[in-house]
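The sequence lines fix the lettering, A, B, ..., with proteins before strands; numbering per chain opens at 1. It should be emphasised that the depicted structure is a prediction, and the values quoted were computed from it without experimental measurement.
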There are 2 protein chains.
Amino acid sequence: MGVKSGEGEEPGRRVGATLRRATLREVAAEVGVSVATVSNAYNRPDQLSEELRERIFKTAGRLGYAGPDPLGRSLRRRRAGAVGILYSDRLSYAFTDPAAVMFLQGVSLAAEEAGLGMLLLPGGPAEGREAAAVSEAVVDGFITYCIDHGDPLVGSLVGRGLPVVFVDNPPEPGGAPTVGVDDRGGARAAAEHLLNLGHRRLGVVSFELGAGPVGGLIGEERLRRATHANTLARLAGYREQVEAAGVPWSAVPVFECRENTPEWGRRAAEELLRLRPRPSAVLALSDQLAFGVYEAAREAGLSVPEDLSVVGYDDVPEAARTSPPLTTVGQPHTEKGLLAGRMLVARLEGREARTTERHKTFRTRLVVRSSTAPAPEGS
Amino acid sequence: MGVKSGEGEEPGRRVGATLRRATLREVAAEVGVSVATVSNAYNRPDQLSEELRERIFKTAGRLGYAGPDPLGRSLRRRRAGAVGILYSDRLSYAFTDPAAVMFLQGVSLAAEEAGLGMLLLPGGPAEGREAAAVSEAVVDGFITYCIDHGDPLVGSLVGRGLPVVFVDNPPEPGGAPTVGVDDRGGARAAAEHLLNLGHRRLGVVSFELGAGPVGGLIGEERLRRATHANTLARLAGYREQVEAAGVPWSAVPVFECRENTPEWGRRAAEELLRLRPRPSAVLALSDQLAFGVYEAAREAGLSVPEDLSVVGYDDVPEAARTSPPLTTVGQPHTEKGLLAGRMLVARLEGREARTTERHKTFRTRLVVRSSTAPAPEGS
DNA sequence: CTGAAAGCGCTTACAG
DNA sequence: CTGAAAGCGCTTACAG
């Protein structure tokens, strides 16, 4: 573009920059043309002579004007040029979860295709603040990730009247487009794999189940009050398969972690491995947690998979590189983000439904590596 | 908040939502008050009677009005409520680099503190498009990450006249605040460690050096035309230390990778390990690349560290968990992001310089784990 | 090829 | 406690 933005090439510039950005109006006045013409110089080069356009850019450069202010333009054009991303938890947690990061990467692919920015909203349980963020976000639409059923944010979101795509076990409010995964089926496959290997003493390392005091082995009542959709689906899948094998669900200890980190996985496994009889296999709701289970096993002098089988969930890249390589449930994180992004872009560009389905549930698949083995004798 | 946003509680709402969002003006007309009063109902509850406020919210709910439009508000208030993040490369690449992700996490911490959103700009070499993204971003300021010296984007950025914080080997344009790391010192420490262990046949696995045809073993000329600041600093550190040990730099093969992924690290190492005499140690510019070197070594039947020592860079979490645990150069990724975010917020809130220094260079530190060992006999 | 006018949706002194 | 007026910075038909 011919937009001048060099530094200090004109003596007058520094002053202008120090004070306040020049405006379209000021440039117009200085050149002696109307604001429409200056606007055209930037937006419709064919609407004015090359010579005048050059003169306008020169004056703009001198005044420290670097082109139309995005805010004014956005208001007038009624488009913000960005998609808002709403995460279930504090935004900073999203970056510690490799699965969430891969999802965001997928969205970024779609955003790049469409030339849109991604606005990550400060989320989390900061009471009211996230609602403010939602109602103040300058975006053209939203993508939500792992939002709970009944989360009050959904109300604020829908209230904005902007297109929304809900990702991962979504509440499907008013028929909005959704992208999800067969979480329950994935969990079932994980449990089935262990049961087929002869394991009967299982332990589960779970995410947070919902609001309230968290952490530690949990009972029926807490399980019943769970609200986190992903967690619920996976636990339901484990349970279904376990019971189908004739093992009572109440015999399976479930440890609830406060955060999805290896550190919490380690704590959980430490506790599970202290139980007698000791579990011969652990189902972790994520690979991050499973990595922590590895640590705890090592510290307890148990080897994986000979003494303890471990199954993760997510199939993040590290799962293939860790030692031993982790058996886990794979799901297409990046594709989820990409599809959600494209669905949103399609709606923004007014070509809906035709090119994209409105609801998509991706399949999960069990990836068997080396962290699982037949149950030890007599277990 | 008292903002109504439920779905379909009033028969009239659906119609309004289907057509177009109601505006402040329409609500005011419907209630029979001025727009100022409706605005006050949302922004200054003390400026009107509770009873009138309730009536306004009720009518707003009926019309499908969910509160003031962020764009109008932002224009009027002259603040966007978001910080823009500009990455050196395509935005989607940022999510594949654990170091970049940790950096983003740090920024998100600062953004959350301040109640700001993070706008990730579509970047990369899409010719002109990124400049458009910069000049159209609705933000209050920018943070750049790993931008090259002389990148034309810097011009567009500075032209916006908004506060900017430059992170990682920044071009320091016009005394703007910077956050960096002693990359050169870190690289020196890595090389020194290997040299102290007796290694004399080293190989380097490098990032891309700049624009142009990329990939493969490279010569002096390409090294000279390098523009990527991080890469340059690290290579300079290696070189310095190598030459200090009396080894000519020209004797150290450097492989340039197109992407910062284990896959490219593997390719690089495959080639390096084919050289005769074979390197006894590899310096990788990132842990991601080092993980790929592990793979190549394994495939070549070499064990780390007995046959091949490997040093990474970044100390991402996986480095401690991988097998063998990776010797690497640690740097405070999250802290860099957090500090940069806070520096920017400080400027936005008009309290500069007092609370924060304007330039910060974090120290790196060598983390010695188990991927390095004394050079094999006779090498 | 250029300009006058309307308006995107809102907030903020200020006056009453 | 409420309202009239100005204006944030811009773009877009439309008329000339």
Side-chain angles (χ1 to χ4, degrees), chain A residues 3 16 19-56 60 63-81 132 135-140 160-162, chain B residues 3 16 19-56 60 63-81 132 135-140 160-162:
Chain A
V3 184
L19 296 175
R20 190 177 50 81
R21 283 287 316 279
T23 72
L24 197 60
R25 189 188 313 273
E26 287 162 27
V27 175
E30 184 76 9
V31 179
V33 295
S34 77
V35 292
T37 299
V38 177
S39 175
N40 282 336
Y42 289 96
N43 299 310
R44 308 177 165 190
D46 53 308
Q47 296 292 298
L48 69 175
S49 69
E50 188 54 37
E51 182 260 336
L52 176 56
R53 187 154 178 258
E54 274 312 316
R55 207 153 45 111
I56 288 174
L63 296 179
Y65 182 77
D69 183 294
L71 221 32
R73 161 180 280 169
S74 284
L75 177 59
R76 179 60 231 230
R77 288 195 174 154
R78 299 269 62 207
R79 40 165 276 129
S135 40
E136 293 181 4
V138 179
V139 297
D140 298 314
R160 283 288 301 268
L162 297 175
Chain B
V3 185
L19 297 175
R20 190 178 49 82
R21 284 287 318 279
T23 72
L24 197 60
R25 189 188 311 275
E26 287 163 26
V27 175
E30 183 76 9
V31 179
V33 295
S34 77
V35 291
T37 299
V38 176
S39 175
N40 283 334
Y42 289 95
N43 298 309
R44 308 177 160 189
D46 54 307
Q47 295 290 299
L48 70 173
S49 71
E50 187 54 37
E51 182 259 336
L52 176 56
R53 186 154 179 260
E54 273 312 316
R55 209 153 44 110
I56 288 172
L63 297 179
Y65 182 77
D69 183 295
L71 222 32
R73 160 180 281 167
S74 284
L75 177 59
R76 181 59 230 233
R77 288 194 174 155
R78 300 268 63 205
R79 41 164 274 128
S135 41
E136 293 182 2
V138 179
V139 297
D140 299 313
R160 281 288 302 266
L162 297 175

Quick check for you: among C:dT2, D:dC10, C:dT12, whose closest atom lies nearest to any side-chain atom of A:L52? C:dT2

Could you state the interatomic distance from CZ (A:R77) to CG (A:N43), rounded to the nearest 0.5 Å? 5.0 Å

Minimum-distance nucleotide (side-chain atoms of A:V35 versus C:dC10, D:dT11, D:dA4): D:dT11

Kindly determine whether A:R73 and B:V138 satisfy side-chain contact (heavy atoms from CB on, under 4.5 Å), including the steps that lead there. CA-CA 10 Å; A:R73 161 180 280 169; B:V138 179; over 6 Å; no

Across the strands shown, which category fits A:R79 at heavy-atom distances under 4.0 angstrom: base, sugar-phosphate, nothing? nothing

Any chance you could measure A:I56, atom CD1, to A:E51, atom CD, to the nearest 0.5 Å? 9.5 Å

Interatomic distance where CZ belongs to B:R77 and P belongs to C:dT11 [whole Å]: 6 Å

Give a yes or no on whether the backbone of B:Q47 and the side-chain of B:N40 come within a donor-acceptor separation of less than 3.5 Å. no

Taking C:dG3, C:dC8, D:dG7 as options, the one with an atom nearest any side-chain atom of B:R76 is D:dG7

Just compare D:dT2, C:dC10, D:dG3 and give me whichever is closest to any side-chain atom of B:Q47. D:dT2

With respect to the side chain of A:S49, which nucleotide from C:dT11, C:dC1, D:dT11 is positioned closest? C:dC1

Just N and O in the side chain of A:T37: are any of them under 4.0 Å from OP1 or OP2 of C:dT2? no

Walk me through whether A:R53 and A:E50 qualify under side-chain contact (heavy atoms from CB on, under 4.5 Å). CA-CA 5 Å; A:R53 187 154 178 258; A:E50 188 54 37; 4.2 Å; yes

Look at the side chain of A:D69 and decide which nucleotide, out of D:dG9, C:dT12, C:dT2, has an atom nearest to it. D:dG9

Using modelled atom types only, decide if a donor and an acceptor are shared between the side chain of B:S74 and the backbone of B:P70 within a distance under 3.5 Å. yes

Where does DNA chain D pair, written as one dot-bracket string 5' to 3', with Watson-Crick or G-U pairs under 3.5 Å, ( ) inside the strand, [ ] for crossing pairs and | for another strand? |||.||||||||.|||

Using a cut-off of less than 4.0 Å, is there contact between a side-chain N or O of A:R73 and OP1 or OP2 of D:dT11? yes

